[in-house]
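Let me begin by presenting the structure, written as C-alpha cells, before commenting on it.
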Amino acid sequence: MPSEDPITVLTEADCWELLAGETLGRLATSPAGKPEIFPVNYAVQDHTVLFRSAEGTKLMSTVINDEVAFEADGHGDTGGWSVVLKGHARLLEGAAEIAEAEQAPLRPWVATLKLRFVRIVPTEISGRRFVFGPEPDRFG
C-alpha cells in the first residue's frame, strides 16, 4: 500500500511556481460556441500568462470570445502535475503594456513573426500533482 496519496491538490503559489518553470502550454478558446485548442509558448508575468501570436485563428478566437482556459503540465519518471487556469484573454495594444510584455522571457519557437501579445488574466487557477503507480487492486 503506497504511503503517499497519489493525487495532491496544489496551492495557488505552487501552481504559479510550476507554470513559471515551463514554457509550453495549451490555450483553449470557444469562439462561436465551438471549442478550439492551440499549443502556445508562454511566460508568466505578474500572475498572468503572456503569449505572442501572429494574425490568424488563435488571435481571432481570443478577440471573438475573451473567456479562455489555459493548461500546462509536466512529468518525470515517478510523477507529474497539471495546472489549469480560467480567465480573460486581452490583446495588448498600448505602448506601455507592450513595453512591459517585451520584458518577459518570451521568444517565438518558430521563425515566424508574432507581432501581437496576448495576456490571460486569471479568474481562477487550480492544479494537481500526481504520483505514478500501478492501479490498486479493485477486488482487494
Evaluate the side chain to side chain contact (heavy atoms under 4.5 Å, CB included) criterion for residues Leu85 and Trp16: first the C-alpha distance (whole Å), next the side-chain angles of each, then the deciding distance (0.1 Å), finally the verdict. CA-CA 10 Å; Leu85 65 83; Trp16 284 113; 4.1 Å; yes
All side chain to side chain donor-acceptor pair (under 3.5 Å) counterparts of Thr11, not counting sequence neighbours: Asp14
Side-chain donor/acceptor of Tyr42 to backbone N/O of Leu106, under 3.5 Å: no
Using the rule that Ile, Leu, Val, Met, Phe, Trp and Tyr join whenever any side-chain heavy atoms are under 4.5 Å apart, tell me whether Val68 and Phe51 fall into a single cluster. yes
In a check of side-chain contact (heavy atoms from CB on, under 4.5 Å) between Ile120 and each of Val40, Leu27, Leu50, which one passes? Leu27
Min side-chain heavy-atom separation Pro31-Glu36 under 4.5 Å: yes
ring-ring contact (aromatic ring centres under 6.0 Å, His included), that's the test. Do His75 and Trp81 meet it? Break it down for me. CA-CA 6 Å; His75 66 86; Trp81 59 269; 9.9 Å; no
Heavy atoms of Pro39 and Leu24 approach each other most closely as CB-CD1, 4.4 Å
Working to the nearest 0.5 Å, report the span between CG of Leu10 and OG of Ser82. 9.0 Å
Closest non-hydrogen atoms of Ala101 and Gln45, given as atom of the first, atom of the second and distance, are CA-OE1, 3.8 Å
Pairs meeting criterion side-chain hydrogen bond (donor to acceptor under 3.5 Å, both in side chains) with involvement of residues 24-33, two or more places apart: Arg26-Glu71, Arg26-Asp73, Thr29-Ser61
Please identify each residue that fulfils side-chain contact (heavy atoms from CB on, under 4.5 Å) with Val121, with sequence neighbours left out. Thr48, Arg119
In terms of hydrophobic clusters joined by side-chain contacts under 4.5 Å, are Leu19 and Phe130 together? no
So, using salt bridge (Lys or Arg N to Asp or Glu O under 4.0 Å) as the criterion, who are the partners of Glu135 when residues are at least two apart? Arg138
Got a second to check how far Cys15's SG is from Glu124's CD, nearest 0.5 Å? 11.5 Å
Nearest 0.5 Å, please: how far is CG in Asp5 from CZ in Arg129? 12.5 Å
Once side chain to side chain donor-acceptor pair (under 3.5 Å) is applied, do any residues pair with Asn41, and if so which ones, sequence neighbours excluded? none
Looking at CZ of Arg52 and CZ of Arg116, how far apart are the two atoms once the value is rounded to the nearest 0.5 Å? 12.0 Å
side-chain hydrogen bond (donor to acceptor under 3.5 Å, both in side chains) pairs touching residues 90-105, sequence neighbours excluded, are Arg90-Glu97
Is there a path of hydrophobic side-chain contacts, each under 4.5 Å between heavy atoms, that joins Val44 and Val118? yes
In terms of hydrophobic clustering (I, L, V, M, F, W, Y; side-chain heavy atoms under 4.5 Å; direct or indirect links), are Leu92 and Val49 co-clustered? no
Any chance you could measure Ser126, atom OG, to Glu12, atom CD, to the nearest 0.5 Å? 10.5 Å
